[in-house]
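Each chain gets a letter, A, B and so on, in the order its sequence line appears, and its residues count up from 1.
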2 protein chains.
Amino acid sequence: MAKDRQRDPGATIYSVAELAGVSIASVSRVMQGSGGVSDKTRQKVLAAAKELNYVPLGAARSLAVRHHEAHGLVLPELAGPYYSELLIGFETRAAELGQSVVLLLADGKRDVARDVRRLATRVDGLVMLGSLCVTDMVAQGLHGKKPVLVIAGHPQPGIEAIGAENHQGARELTAHLLGHGRRRLLFVGDPASAPDVADRYEGFVAAHEGEPTPDPVRIPFREADGASFADRVLGGDVEADAFVCANDELALSIMSRLQDGGVRVPEDVAVVGWDDVMAARYVRPGLTTVRQPVKELGRLAADRLHERIAGAPAREGLEILPTQLVLRGSCGCAAAPDAKPATASAKPSGRTTGRPVRKASSKRTTA
Amino acid sequence: MAKDRQRDPGATIYSVAELAGVSIASVSRVMQGSGGVSDKTRQKVLAAAKELNYVPLGAARSLAVRHHEAHGLVLPELAGPYYSELLIGFETRAAELGQSVVLLLADGKRDVARDVRRLATRVDGLVMLGSLCVTDMVAQGLHGKKPVLVIAGHPQPGIEAIGAENHQGARELTAHLLGHGRRRLLFVGDPASAPDVADRYEGFVAAHEGEPTPDPVRIPFREADGASFADRVLGGDVEADAFVCANDELALSIMSRLQDGGVRVPEDVAVVGWDDVMAARYVRPGLTTVRQPVKELGRLAADRLHERIAGAPAREGLEILPTQLVLRGSCGCAAAPDAKPATASAKPSGRTTGRPVRKASSKRTTA
DNA sequence: CTGTTAGCGCCTTCAT
DNA sequence: ATGAAGGCGCTAACAG
């Protein structure tokens, strides 16, 4: 529709050089501060650049240096605080490393694989969430071309993976509920939806130490799904004295609807979540949950990816960050006012699940 | 540290062409589906590309076509749901338009202006939030080079701005409180921190219709700030029967701390927010607030930016999207169970503040 | 310290 | 339908 897309696309390194009366080499040197330029020349160049309002063309530089100086990040979605924090950590670290971040949200996309391939076209490497079903394909497809790193997923040969501890944390959380005298626990969330949820479910089962455990309630993670499940509970279709939810959004929506329906939490039923989102400390009773070092995960991802881009070989296995149990009222513990996020009530001696460990890759990838 | 950054950076359009036994022109045509290629040739190329695991170099293409095919987005931060939703809407629309999105978070950066300039290097245009203090400088600096669009800020000549309605909504919200019989309202939040907060404060003042209004409580938007303000209230330093907060996070933290301190909401004091975050409907009483079409704002931004990149002239003035009052219990209204977000209780006839309007740019930019 | 020059990988007329 | 060749803007030797 427009013949010339931009009214003044000009102002290249040439025009600046010309105006400054120097060669393009000098302009280049000044622009990227590679030194070796006299002060007088620098001034002339800077002045010319400013006058022409010179904005270097990143693509040209990338082509010349053979680097995009950009990290790709593929997230399933961005609802809820989990992915946001991950993104914050990632972007922060990437920026520190001088890398731009190109973001791709898989959510509404028709052909995610195609979009990821497109993304791979403009970044030096990329990080994907393990819950994305295209992860394996793409990772394999890019194998040997661009470094790929997986978060909260399973490692593959040549493909690093990092994640937060799940199994042990879920196990302790479950054991805690058992310790409160609860006997009919139900895991709410679909283990098949993501590797980390699967791990949590395994921890849940493990805590029962052989006792039979009911099948998980396989529903999605959205608020609406929690609410309708709660309705089934209110209708008497479900029998349980504690719900171990796959994440806080689910736990929150279930607890809320249950309370509206006259069920007392935690007296009649306990509800616990996972993630420690903001709302978890504002509801009454406070939601007992597990805090993940999400931002740290993001930072680590950017770091590891950068290492790989710089030529480091893929670390084998899965790197696991510790998680932390956060006890509030919804599990049956005495409710304590909890307004300061920094001092969330945790068990005494900084109870922390798992240590930063490195496990050999195998069928069971988490500690 | 590594001499060759990538083990197999090869596989260019040339290697593919060679393997397929055709010219690079054919490869190029096949890769971007520009047609005019025999089926046989196409097959050979595709096979070769797959075998070599060919990933085209985006930078080279960008340089050739003189387009980055990428939109830049500069956000102040990513805490809370507001910016996330904005980002979701933006990314979604950008992807539909075939554009990548390069994200920049201003938050922890030392030299935001520098980073934005770097960003401008690799995108065809960019969108910035009006609350960023570098907005003006950068926008001016890029003027005539790359299209720049501002969200929730003031328009400038040649620089479009879009935003959600603030003044009118704040005015109605305030009037509603007045209607509940509240007489000593306090605006909590710093109008100087962002243009849209300033607009809300003006609406707040306007609703008083000449009656004297106290100065706003100028504190930041974080939870911690709200809590410490609440402590001052509990200490008796503040006198008011209603708090009109600049956003929900502030409102939530204040309400929570107040309740912990024995203050009844809304009996003793009313608290209202702005944004309608998830937690707003989980707390008791539900938080009365104003919902913004945030995701739509993001989509619109991507759309408008794309228009500009395609050569369309800047629309003058500010485009405003309507907001919606969400009445729950914290203002004094009869609390209604509100679990389904989609059916949040709003006043009868779809009370909506403002219509999609276009105002001429002037000192006062919002409706 | 400064200028010259040869690519970087891809797209795109223009011939064939 | 296919190939040949020039050029996009910048960096990085290599001369001077």
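A salt bridge does not link E96(B) with K109(A): every distance from a Lys NZ or Arg NE/NH1/NH2 to an Asp or Glu carboxylate oxygen is 4.0 Å or more.
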* Structure fact -> In B/S/- notation (B base, S sugar-phosphate only, - none; protein heavy atoms under 4.0 Å), nucleotides 10-16 of chain D written 5' to 3' is BBB----
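Residue R66(A) contributes atom CZ, which lies 10 Å from atom C1' of dG7(C) at whole-angstrom precision.
In this structure, the side chains of I159(A) and V150(A) come closer than 4.5 Å at one or more pairs of heavy atoms.
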* To do: Would you please test V16(A) and T12(A) for side chain to side chain contact (heavy atoms under 4.5 Å, CB included) and show each step?
  => CA-CA 6 Å; V16(A) 175; T12(A) 71; over 6 Å; no
* **side chain to side chain contact (heavy atoms under 4.5 Å, CB included) between I13(B) and M31(B), intermediate numbers included** => CA-CA 10 Å; I13(B) 197 173; M31(B) 293 312 286; 5.9 Å; no
* When you look at F90(A) and L103(B), which way does the side chain to side chain contact (heavy atoms under 4.5 Å, CB included) test go after all the steps? -> CA-CA 11 Å; F90(A) 188 82; L103(B) 179 69; over 6 Å; no
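At distances below 3.5 Å, not a single donor-acceptor pair connects side-chain atoms of K44(A) with backbone N or O atoms of K40(A). Distance alone, capped at 3.5 Å, places no donor-acceptor pair between the D124(A) side chain and the H67(A) backbone. Between the S28(B) side chain and the I24(B) main chain, no donor and acceptor come within less than 3.5 Å of each other.
Residues from residues 38-49 of chain B placing a heavy atom under 4.0 Å of any atom in DNA chain D, listed by number, are S38(B), T41(B).
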